Amino acid sequence: MNDIAPYNPQTIEPQWQQRWDEAELYRSKVDWDKPKHYALTMLPYPSGDLHIGHWFAMTPSDARARYKRMRGYNVLFPMGFDAFGLPAENAAVQRGIHPATWTYANMDRMRRQLRSMGAMFDWSREMVSCDPAYYKWTEWFFKTFYNNDLAYRGKALVNWSPTLQTVLANEQVIDGKDERTGQPVIQKMMTQWFFRYTRYADEMLDFSDIDWPEPVRIMQTNWIGRSEGAHVTFHALTPETLTPETLTPGPSPSGRGGDSSAASETPNSALDTQHPAPGEGRIPITVYTTRPDTLWGATFMVLAPEHPLVAKITTDVQRAEVEAYVEAAAHKTEIERSAEDREKTGVFTGAYAINPVNDARIPIWIADYVMISYGSGAIMAVPAHDGRDFAFARKFGLKVVPVIQPEGETFDGDTMTEAWPYEGVMINSGPFNGTPVTREKGRKNPAINAVIDWLEARGIGKEAVNYRLRDWLISRQRYWGSPIPVIYTQDGTIELAPDDKLPVELPQDVEMTGYGNPLAQHETFVHTVDSQGRPARRETDTMDTFMCSSWYHLRYLSPGCDVAPFSADEAAYWLPVDTYTGGTEHATMHLLYTRWFNKALRDTGVFDDTFAEMKRHGRDPRELNEPMLQLRNQGQILGEQRPGDLIVASGRIESNRKMFADHVRVVPSFDGQISTEVYWGELIKRTENLLTLETPDGSQYTVEVVDGATVEIPSIPGPNTVNQLKHHLDVERMSKSRGNVVNPDELVAEYGADTVRAYLMFAFDFMKGGPWDSQGIQGVVRWLNDMWEIVQASTPEAGDPAAERALERRVYQAIERVTYSLEAFSFNTAVAALMGLRNDLKTAVREGKIGTVAFRDAIHIVLRLMAPITPHIAEELWAKLGWPFSIHTQPWPEYDAAKAAEEVVPLVVMVNGRVRGHVEVAADISEDGAKAAALDSEWVVRQLDGAQPKRVIFIGGREPKVNVVV
RNA sequence: GGGGGAGUGGCGGAACUGGCAGACGCGCAUGACUUAGGAUCAUGUCUCUCACGAGGUGAGGGUUCGAGUCCCUCCUUCCCCA
């Protein structure tokens with residue numbers, strides 16, 4: 001082995017990458033004679049540099065795509081950029097760079113970095129979402145949706161910064177303030193564009209056609225939040241209909257008086273006497289409830305502060321208070337408002353409504369725990385059976401009337417301490433008293449079922465299904481996004497830009513000031529003409545970037561196509577995506593949007609040509625009901641845990657916890673260092689020259705390093721400064737500010753791409769991720785160095801047949817393990833199996849019992865098993881042995897059970913389920929034979945001591961076991 | 001606030017349907033080769049015990065011939081969304 005040149009990935013990797021490019025090894029072309037495999041990994045946002053997380057997401061997916069290709073599939077594995085979005089605008093505002101300049105420069109850098117992975121990306125299919133050739137079709141899809149009643153204009157709350165005159169994204173708002181300027185942000189209603197997301201809500205609840213992780217399916221189901229219940233119409237009494245004496249300021253009587261008997265048939269009778277005649281002066285307010293069985297317990301109503309009726313129904317007496325509350329609510333975010341543990345706030349409007357089931361007159365309040373964007377923005381409050389309503393009622397002294405009572409309990413509205421949202425028997429509910437209530441939801445609950453029928457019969461209410469899911473708000477008041485191709489004519493009607501005028505292009509000459517919407521300020525963009533040539537205004541909102549990423553997998557099919565978003569010929573062959581990999585953070589947003597988009601395209605005829613082509617080739621168009629068949633989520637690579645330097649500081653002690661140090665020393669341990677003259681401990685935090693030291697018992701000390709102090713760090717030669725001291729790092733997400741970022745470029749320069757790829761696959765569970773460990777990579781370095789030498793080792797002409805058979809067995813067992821592991825996204829065990837094989841090969845070379853022919857047969861298989869994981873070294877060694885280019889077009893080694901089979905196996909002997917020992921037996925031993933061997937073994941004989949076993953259990957299979965119960 | 005995971009040696013992690021817990025690797029220890037070693041090679045490495053043996057997968061309980069795996073209660077953590 002002496003004359004072998006050392007393994008040098010820095011030389012061989014770029015060479016092979018170039019060779020693969022030149023040979024167009026990864027160009028994927030439609031070939032109906034071969035089965036296809038569309039492997040897709042979520043495309044990156046061009047933020048600047050490629051992160052180790054990108055490598056972790058992409059290289060295992062690449063390995064699997066390569067493996068599929070060797071299994072005989074025609075594989076498509078494309079890459080592109082999700083290039084619109086906020087960071088580019090922030091860069092523009094902060095550094096005066098145009099978003100396009102910033103984005104394209106980043107993409108150039110990232111393309112180079114992506115190529116260094118040695119992945120099988122087909123770059124001829126690259127798509128870039130901010131390219132006009134791409135967003136032309138994003139706009140075209142908007143038109144398609146608009147023309148099919150899937151897009152509409154509506155009102156929604158936005159984060160509005162009065163200072164910047166602009167709308168902010170949720171992530172730009174921290175504690176109700178703009179994160180950049182610290183100026184307050186208010187909630188403002190604006191007219192915006194929506195897609196009818198709920199149109200496909202029910203279909204999106206059906207996962208029967210797709211193999212997606214259970215957690216994702218659960219999250220999507222909860223996100224859609226389907227519930228069954230009823231719409232019920234209450235009627236508000238307008239101020240004019242109320243007589244002066246009914247206008248009691250403040251809340252209604254608390255119910256703590258004489259009429260509060262919970263068993264009373266007409267609980268609100270005291271309030272019930274003065275409501276006006278039906279019809280006149282009544283404003284209908286429809287509420288949605290999942291619990292129509294509790295209608296008799298509705299003792300007040302609550303409207304969202306933004307509800308349009310608030311101004312109309314508020315009495316003059318209450319007006320000032322109500323307006324102040326509405327104003328205050330505008331300054332709160334939904335997150336704050338929906339926090340359940342928060343103290344409830346609210347204001348009485350002075351108005352009353354009639355509960356349609358019992359004609360009770362109940363007060364109408366406004367409170368910020370009711371959201372205008374949710375349901376109808378109005379609720380009936382049933383304090384006895386809803387936690388939030390209960391808290392509200394108690395805070396404001398509102399009446400609590402129980403209408404459901406569990407067996408063996410007697411509720412009293414005045415003394416209940418918490419709401420009872422569960423089962424029982426209906427009480428105080430007129431005709432329904434005595435009806436049993438279960439924990440079932442919707443019609444399955446007999447009480448709900450009966451009440452809904454009753455409401456419908458009387459025309460008071462109607463069965464209804466509601467979704468937590470809201471329509472998809474796609475408007476963004478931003479520059480760097482796909483324009484919405486809409487024109488507003490002078491008379492206010494909406495026109496769409498004609499197809500031959502698409503795309504509506506973003507103007508290049510914009511000024512990014514961070515103030516206002518750049519597009520709205522751009523005169524030549526805004527001012528246009530309508531279809532009649534009359535002056536008109538353009539829509540200045542752009543589309544949510546989730547719109548771009550909802551169809552990028554289609555653009556890869558034919559990125560150059562300019563007559564359609566994608567070519568039907570390509571789509572009919574490649575779709576749907578077979579394997580999709582990406583992070584869990586997209587579980588409910590991107591992955592639901594893309595499913596919606598796919599169903600919308602199906603129903604608006606966009607796939608019609610594709611369907612026709614599929615049928616022509618005998619494929620069923622229903623295969624395209626879902627965009628991605630199999631989904632797997634990778635975990636996240638976290639920063640490396642690092643201990644801080646051990647430090648001994650001496651100087652002037654200021655107080656018992658603070659020192660001004662003129663001498664700081666890093667020591668290997670604290671032996672003999674401890675004295676009262678010095679401070680010592682692990683450096684857990686450093687802010688400039690202020691150090692925090694922690695002793696093993698957990699006490700902390702502050703050390704301020706004075707100017708001109710000596711700093712000694714023995715591991716770093718030369719004079720040291722305080723900046724070179726390493727402080728402790730916990731396992732956390734990587735970020736520049738924490739200083740725990742792992743740079744893949746540096747790793748590739750040091751170890752080579754194959755090592756980095758294999759290490760990422762080996763060191764973590766793909767689905768879980770975990771903290772980076774810079775030491776562990778040595779194991780992979782050794783593995784590849786070993787393989788480099790083993791493959792080129794010299795072997796004897798003839799070998800020992802038994803040893804050769806043993807090696808063959810190990811090789812074939814490895815085929816099975818690696819194959820199974822790659823199928824199952826268990827990349828770590830695939831590498832482990834290959835390392836195990838390395839151990840066997842190494843032993844074989846050392847012992848010299850394997851002949852050249854047998855050894856070459858083994859290597860021929862081993863290199864192909866390595867090829868998906870470490871493509872460069874596998875190709876290089878393959879070539880060194882004189883085998884033809886390219887290893888990546890070779891078939892995957894075929895598993896042969898006979899060759900993998902063991903002849904003799906250890907029979908596991910268990911007594912009462914615990915292993916006691918092993919007996920060598922033939923692998924194909926019969927049940928009776930195994931039992932006899934076990935009963936004959938020393939352990940069983942000793943345990944039984946002449947007695948009969950109670951039971952003898954044989955567990956067959958490759959590893960036979962016998963359990964003797966005594 | 002809502003939702004989803006995860007707890008196995010000093011560390012990363014194995015254990016496919018309940019069937020030998022700790023594969024593979026890092027680290028560590030001892031030895032070898034070396035002027036030297038952060039290179040390489042060999043051996044060892046869950047805990048207790050000289051040993052025979054016994055115990056052991058966050059805690060407690062249950063089902064089973066047999067539980068890391070299934071069920072119940074609790075604890076600790078991480079992630080995502082709003």
Side-chain angles (χ1 to χ4, degrees), chain A residues 1 6 170-171 213-223 225 333-342 369 371 373-374 387-388 468 470 583-589 592 633 635-638 640-641 715 731-733 758-783 785-786 789 814 816-817 820-821 823-824 826-839 842-843 846 905-918 939 942 949-966:
Chain A
M1 273 195 241
N170 282 337
E171 61 265 28
E214 177 81 15
V216 173
R217 301 202 309 257
I218 292 169
M219 279 191 259
Q220 294 202 343
T221 302
N222 292 336
W223 189 258
T333 62
E334 269 192 29
I335 302 160
E336 296 169 336
R337 286 172 54 171
S338 57
E340 231 163 67
D341 50 356
R342 201 174 130 247
Y369 77 91
M371 309 292 162
S373 47
Y374 203 93
R388 295 204 293 188
R468 204 191 75 102
R470 306 173 208 173
T584 350
E585 66 273 21
H586 295 111
T588 48
M589 313 272 289
L592 264 180
N633 297 120
Q636 199 173 31
I637 303 296
L638 303 171
E640 179 164 24
Q641 180 156 35
S715 59
V731 171
E732 304 182 289
R733 297 177 71 154
Y759 182 52
L760 286 167
M761 291 183 226
F762 176 64
F764 307 92
D765 173 343
F766 180 66
M767 323 265 187
K768 256 171 73 183
W772 179 256
D773 171 9
S774 50
Q775 277 190 323
I777 199 167
Q778 277 310 322
V780 174
V781 170
R782 287 177 193 138
W783 169 47
N785 276 322
D786 284 348
E789 288 179 5
E816 191 189 25
R817 288 186 64 193
Y820 177 84
S821 296
E823 281 293 342
S826 176
F827 302 100
N828 50 354
T829 53
V831 178
L834 288 166
M835 284 179 170
L837 207 46
R838 173 268 316 262
N839 294 340
K842 213 170 162 179
T843 311
R846 189 175 56 233
V905 292
L907 174 72
V908 180
V909 179
M910 300 192 279
V911 177
N912 291 336
R914 287 207 68 93
V915 180
R916 294 296 134 172
H918 300 88
W939 308 281
R942 193 191 315 148
K950 272 195 199 142
R951 213 173 144 184
V952 181
I953 294 153
F954 173 75
I955 305 119
R958 266 187 227 177
E959 303 158 333
K961 298 163 198 74
V962 172
N963 186 18
V964 181
V965 186
V966 300

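Keep in mind the model is a prediction, meaning the values are calculated, not measured.
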B:G56 to B:G68 separation - C1' atoms, rounded to the nearest Å:
11 Å

Nearest 0.5 Å, what's the NZ-CD1 distance between A:Lys961 and A:Ile953?
13.0 Å

Output for pair (A:Thr221 OG1, A:Leu592 CG), nearest 0.5 Å, gives 9.0 Å

Atom CE of A:Met589 and atom P of B:C79: how far apart are they, to the nearest Å?
19 Å

Between A:Pro213 and A:Asn633, is there a side-chain heavy-atom distance shorter than 4.5 Å?
yes

Whole Å only: how far is the CH2 atom of A:Trp223 from the P atom of B:C81?
9 Å

With heavy-atom distances below 4.5 Å as the criterion, would you say the side chains of A:Val780 and A:Met835 are in contact?
yes

Could you run down the sub-3.5 Å N/O contacts of the protein with nucleotides 41-48 of chain B?
| from | atom 1 | to | atom 2 | distance (Å) |
| --- | --- | --- | --- | --- |
| B:C41 | OP1 | A:Lys842 | NZ | 2.6 |
| B:A42 | OP1 | A:Arg846 | NH1 | 2.6 |

What interatomic distance, in whole Å, is found between P of B:C79 and the corresponding atom of B:U73?
26 Å

Tell me the partner of B:A51, counting only Watson-Crick (N1-N3 plus N6-O4 or O6-N4) or G-U wobble (N1-O2 and O6-N3) with both under 3.5 Å; none if nothing fits.
none

Integer angstrom distance from the P of B:G2 to that of B:C74
16 Å

Which value, rounded to the nearest 0.5 Å, describes the distance between A:Ile637 atom CD1 and A:Asp773 atom CG?
11.0 Å

Between B:G22 and B:C26, how many Å separate the two C1' atoms, rounded to a whole number?
15 Å

Protein-to-nucleotide contact annotation, 5' to 3' order, nucleotides 14-24 of chain B [B base; S sugar-phosphate only; - none; under 4.0 Å, heavy atom]
S-S--BBS-BB

Could you work out the separation of B:G55 and B:A21 based on their C1' atoms and round it to a whole Å?
13 Å

Parallel, tilted or perpendicular: rings of A:Phe764 and A:Trp772 (30°, 60°)
parallel

To the nearest Å, how far apart are A:Gln220 CD and B:G5 P?
14 Å

Taking any heavy-atom pair under 4.0 Å as a contact, classify A:Gly769: base, sugar-phosphate, or nothing.
sugar-phosphate

Between B:C11 atom C1' and A:Trp772 atom CH2, what is the distance in whole Å?
15 Å

B:G31 glycosidic conformation (syn if within 90° of 0, otherwise anti) is anti

Most 5' of A:Ile218 and A:Trp939 on RNA chain B, judged by nearest nucleotide
A:Ile218

Which nucleotide, in any strand shown, forms a Watson-Crick or G-U wobble pair with B:G1, with both distances under 3.5 Å?
B:C81

Out of B:C81, B:G4, B:A54, minimum distance to the side chain of A:Met219 belongs to B:G4

Heavy-atom pair of closest approach, residues A:Asn963 and A:Val911:
OD1-C, 3.8 Å

Roughly how far apart, to the nearest Å, are B:A14 and B:U76 at atom P?
26 Å

Under a 3.5 Å cut-off for both contacts, is B:G60 paired Watson-Crick or G-U wobble with anything, and if yes, with which nucleotide?
B:C72

B:A23 versus B:G13 - spacing of their C1' atoms, nearest Å:
10 Å

Can a donor-acceptor pair be found, under 3.5 Å and without considering hydrogens, that links the side chain of A:Trp939 to the backbone of A:Arg916?
yes

Closest heavy-atom pair and its distance - A:Pro960, A:Phe954
CB-CE1, 4.2 Å

Provide, to the nearest angstrom, the distance between the NE2 atom belonging to A:His586 and the C1' atom belonging to B:C81.
12 Å

Would you say that A:Met761 contacts A:Asn828 through its side chain, given a criterion of any heavy-atom pair below 4.5 Å between the two side chains?
no

Under a 3.5 Å cut-off for both distances, is B:U45 Watson-Crick or wobble paired, and to whom?
B:G27

Provide the distance between the two C1' atoms, one in B:A6 and one in B:A39, to the nearest whole Å.
39 Å

Under a 3.5 Å cut-off for both contacts, is B:G19 paired Watson-Crick or G-U wobble with anything, and if yes, with which nucleotide?
B:C65

Round to the nearest Å and state the distance from A:Gln775 atom CD to B:G38 atom P.
13 Å

Nearest-Å distance for atom pair CG/P, residues A:Leu592 and B:A82:
12 Å

Report the base-pairing partner of B:U40 (Watson-Crick or G-U wobble, both distances below 3.5 angstrom), or none.
B:A32

Taking every heavy atom of A:Ala587 against every heavy atom of A:Gln220, the minimum-distance pair comes out as O-NE2, 2.7 Å

Base-pairing mate for B:U8 - Watson-Crick or G-U, with both contacts under 3.5 Å
none

note: A:Met767, atom CE; B:G7, atom P; distance rounded to Å ~ 14 Å

Would you kindly compare A:Arg916 and A:Pro215 by the position of their nearest RNA chain B nucleotide and give the one closer to the 5′ end?
A:Pro215

Return the set of residues passing side-chain hydrogen bond (donor to acceptor under 3.5 Å, both in side chains) with A:Asp786 (not counting sequence neighbours), or none when no residue passes.
A:Arg838, A:Lys842

Which part of the nucleic acid, if any, lies within contact of A:Ala763, taking any heavy atom under 4.0 Å across all strands shown: a base, the sugar-phosphate backbone alone, or nothing?
sugar-phosphate

